[in-house]
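Below is one structure, written out as structure tokens; comments come after it.
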Amino acid sequence: MVKTSFISRVTGVVRRIPKGRVMTYKEVAKAAGHPGAFRAVGSVMKANHDPAVPCHRVIRSDMRPGDYNRSGGERTKIGRLVEEGVRVIDGKVVRGKK
DNA sequence: TAGCTGACGCAAA
DNA sequence: ATTTGCGCCAGCT
């Protein structure tokens, strides 16, 4: 039972994100086969709250954490990323190197 | 069924 | 550097 190609691909990609690593919405959309569907990626995330899909590891291309939910937004996401081993400086995500 | 919104991205001003 | 407009797909009203 495959919801839609897009959702399956997106969830599959996000699920493969290793700990301490983050991927931008654009990268995920591209990896999912829809390089221009970064909007849909976000929509799918909130609509599909799958525990195996660490949506908090998906950030914006601006290096900002973006939003996670309406109850905390960036702050909640930042704390989660930091616990995973991702360095967040000045509200911006740093991928292991600077 | 149709229309609007949204956890976004990029270009232009 | 910041703001505005446009484009994209899926989900909700």
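So that the names make sense, note that chain A is the first sequence line, chain B the second, and so on, each numbered from 1.
dA7(B) atom P lies 22 Å from atom CZ of Arg57(A), rounded to whole Å. The NZ-C1' distance, from Lys30(A) to dC10(B), rounds to 15 Å in whole Å. Here the P atom of nucleotide dT5(B) and the NZ atom of Lys46(A) are 12 Å apart, to the nearest Å. In this structure, Phe38(A) places its CZ atom 7 Å from P of dG9(B), rounding to the nearest Å. Spacing between atom NE2 of His49(A) and atom C1' of dA7(B) amounts to 15 Å, rounded to whole angstrom units. Rounded to whole Å, the distance from OH on Tyr25(A) to P on dC8(C) is 20 Å. One atom, NZ of Lys26(A), and another, C1' of dG7(C), lie 14 Å apart when rounded to the nearest Å. At whole-Å resolution of the value, CE in Met23(A) and P in dC8(B) are 17 Å apart.
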Dump the pairs, protein N or O against N or O of nucleotides 9-11 of chain C, anything under 3.5 Å, distances to one decimal.
none

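Using a 4.5 Å cut-off on side-chain heavy atoms (C-beta onward), Val86(A) and Val94(A) make no contact. Under the 4.5 Å side-chain criterion, counting only non-hydrogen atoms from C-beta, Ile17(A) is not in contact with Val22(A). Residues Lys19(A) and Arg57(A) have side chains in contact (heavy-atom distance under 4.5 Å, counting atoms from C-beta outward).
For Arg60(A), the side-chain hydrogen bond (donor to acceptor under 3.5 Å, both in side chains) partners at least two apart in sequence or on another chain are Asp62(A).
Note that the OH atom of Tyr25(A) and the SG atom of Cys55(A) stand 8.0 Å from one another [nearest 0.5 Å].
Of the possible donor and acceptor atoms, one in the side chain of Lys77(A) sits under 3.5 Å from a partner among the backbone N and O of Pro65(A).
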